[in-house]
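A, B, ... follow the sequence lines: proteins, then strands. Residue 1 opens every chain. Both backbone and side-chain heavy atoms feed into the values below; hydrogens, waters and symmetry mates do not.
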Number of protein chains: 2
Amino acid sequence: MSRHDQPRSRSAVSLADVARDAGVSVATVSRVINTPGLVAPATAERVQKVIRELGYQPNAIARALMTSRSDIIGIALPDIHGEFYSEILRGADAEARRHGLRLLIAGEARAGEDNRTQTTLPYSLLDGLVVLITEPNDLLLQEARQSGVPICVLDAEVKQPDIDNVLVDNATGAAEAAAHLLGRLPGDRCYFVGGAEANFDTKQRASAFRRVVGESVRTVRADQTAFGDYSSEWGRRWASGMIAKGRLRGAGVLAGNDEIAFGILSAARDAGLAIPDDLAIVGFDNSRLASIVHPALSSVHIPLRELGAAAVELLVRRIADPGCERREVRLASRLIVRSS
Amino acid sequence: MSRHDQPRSRSAVSLADVARDAGVSVATVSRVINTPGLVAPATAERVQKVIRELGYQPNAIARALMTSRSDIIGIALPDIHGEFYSEILRGADAEARRHGLRLLIAGEARAGEDNRTQTTLPYSLLDGLVVLITEPNDLLLQEARQSGVPICVLDAEVKQPDIDNVLVDNATGAAEAAAHLLGRLPGDRCYFVGGAEANFDTKQRASAFRRVVGESVRTVRADQTAFGDYSSEWGRRWASGMIAKGRLRGAGVLAGNDEIAFGILSAARDAGLAIPDDLAIVGFDNSRLASIVHPALSSVHIPLRELGAAAVELLVRRIADPGCERREVRLASRLIVRSS
DNA sequence: GTGAAAGCGCTAACAT
DNA sequence: ATGTTAGCGCTTTCAC
């Protein structure tokens, strides 16, 4: 091999090569591959043999250009960090494979930033797009919409008639969790420690928390809900502040996710608080480690894989029929009680 | 919008549409987009205006067919489960974006299984491929090779002259960890609890463990190394067995990854063993939770993001020059001592 | 049942 | 500086 080979495409075997060697036309070779029923068994056999001999592989790009189907769907995520995103991705990937589709990913999906030259995604080569939107991001959605690809939005509630939607029913799980805390503690000792205030899930969880706790106390104080980000550092910081004010002992906390909960648990342990006697805590996401840490963390299960799979499923339907009626899927969350 | 619109491609704006409206040829429009320097400013301005008005977006597939460059690279992973894979993916995605490339993922990448009709990946549309191989998988590698795409193999050691290779230096970190355990315990009380025995990383970690421990005892007993899988359940099961035989107290364990370590820690806690006095333990991967759990888990850091990024980097180089010399990158691991 | 031929939307010589 | 034209590799009428 020389240092500068021909570009791959020049050297690759094409339909024409197979046709020539098999003594048929390219059309026949194409039929052997795509509609075997239409070709005489003997011919098909001969063509197949040549295909094997030459190691022919159809060029997916040329095929896509003809059929205007690439069998690729995009998935745009704000980040690929942590179990939340990777499990959604995993569910989407599995479902895509079931339908013979491939997944093109775009992490840190942001549109219209700086003077970017390229768009967030190569829309024109996608058959469809799943967009995970966890915080207001009109630019990305707008960019995606005007590209014309079928879209399914995950997490953000979008009412556009041509966009399907997969949502988490955060309210139910959060309400269960709040009720669980209220079973051990007075409402004025309950706290919600969320992720970013703009985050849709955090918003919904906080709101369910306020509603349920509000039924047992006159008013839910402002300091009973706090917002930061989905990190253990934030959980630890919040807990430290509470400990400094002598207010963590005897409290019940609903954390915005398990990471925050782990941070709080860690700070509580350092302060010598016993779980769950001195501090009751419930997380969100039911991550793998929730059941491994000690004490095992009670957590609200979110069906992440199913979320990803449902988004792909809706998309597949819309790709088949772009004008179809908007559909919305909302998946339930539920409290898993452990020992925290 | 009617229920059955034209397929997207029919309705999409093409170069020809722009050319017509701008009163120029398609070549000029193409130049405005790809080589702006070659076109008169006034013309360029006029064309740009029409592009905006019509909302023209170049068709990535047609472009790829012409240039035989899709700007897409594939990444094949055995699974997308857990921090190990998702962090590698994250690193690869970030690096790909730096180079203007997109990532197409194939989870559960296995080749030649059953009578699958389609290959693991749409090789013909990829500019290159990163394959993460953690256990012997000749079929996948063979399939990928004969597709002709530039390849970079991650984790498995591959000496083919046309395939780049990114490796983890497991030996250093594992040796450090073993030495760390030997600092507290006699060599005959040290154990290695790995993932699958066929797993390359587990293999190398076990071997470094045997070598280092072997320097302090006559022979390393067979029961001092055990193999299962990368799960906390396996760690817990192993620990339970040891506890039943009364052999866990006073032992030192090097776990194949942090999950296994967490499982062992959990069983040890249930058995009333104090960490690190009754049981010293070191994990692998330095996962986010290693520093959050209590006691904080000592762990060998593996530069996962850098691994993914390095693979993409090598691939980019080989795409630019397919005949270039094979390159191998080996990234270091190092022990992070915490309190376990 | 098979072949000829017309493109899919674009880039890149080659002309002018 | 711009236009004309020949494909990239494939699918798909339309003839035969």
Applying side-chain contact (heavy atoms from CB on, under 4.5 Å) to B:T28 and B:V26, what does each step give before you reach the verdict?
CA-CA 5 Å; B:T28 298; B:V26 289; over 6 Å; no
Counting only side-chain N and O atoms of B:S25, is one of them less than 4.0 Å from OP1 or OP2 of D:dG3?
yes
Output the rounded distance in Å from CG (A:N59) to C1' (D:dT11).
13 Å
Separation of D:dC10 atom C1' from B:L65 atom CG, nearest Å, is 8 Å
Taking only the side-chain heavy atoms of B:A62 (C-beta and beyond), determine which of C:dC10, D:dC10, C:dA12 contains the nearest atom.
C:dC10
Out of D:dT12, C:dT11, C:dG1, minimum distance to the side chain of B:R63 belongs to C:dT11
Measure from CD1 on A:I61 to P on D:dC8 and round the result to the nearest Å.
15 Å
Closest to the side chain of A:T43, out of D:dC14, D:dT2, C:dG1, is C:dG1
Would you indicate, yes or no, if D:dT2 has its OP1 or OP2 atom less than 4.0 angstrom from a side-chain nitrogen or oxygen of B:T28?
no
Base, sugar-phosphate alone, or nothing: which one does A:A40 contact when heavy atoms must sit under 4.0 Å apart?
sugar-phosphate
A:E45 CD - C:dG1 P separation (whole Å):
17 Å
B:R20 CZ to D:dG3 C1', in whole Å, measures 17 Å
From CZ of A:R31 across to P of D:dC10 the rounded distance in Å is 15 Å
Using a strict cut-off of less than 4.0 Å between a Lys/Arg side-chain nitrogen and an Asp/Glu carboxylate oxygen, indicate whether B:R317 and B:D164 qualify as a salt bridge.
yes
Give a yes or no on whether a salt bridge exists between A:E157 and A:R330, defined as a side-chain N under 4.0 angstrom from a carboxylate O.
yes
Output the rounded distance in Å from CE (A:M66) to P (D:dC8).
16 Å
Once you round to the nearest 0.5 Å, how far does OG of A:S147 lie from CG of A:L121?
9.0 Å
Between A:V26 and A:L38, whichever has its closest DNA chain C nucleotide further toward 5' is A:L38
Figure out the CG/C1' separation between A:L54 and D:dG9, and round it to whole Å.
15 Å
Within the pair A:S30 and D:dT11, is there a side-chain N or O less than 4.0 Å away from OP1 or OP2?
yes
If we only count heavy atoms from C-beta on, is the A:H81 to B:R90 side-chain gap below 4.5 Å?
yes
Output the single nucleotide from C:dT2, C:dC8, D:dG7 whose closest atom is nearest the side chain of A:V39.
C:dT2
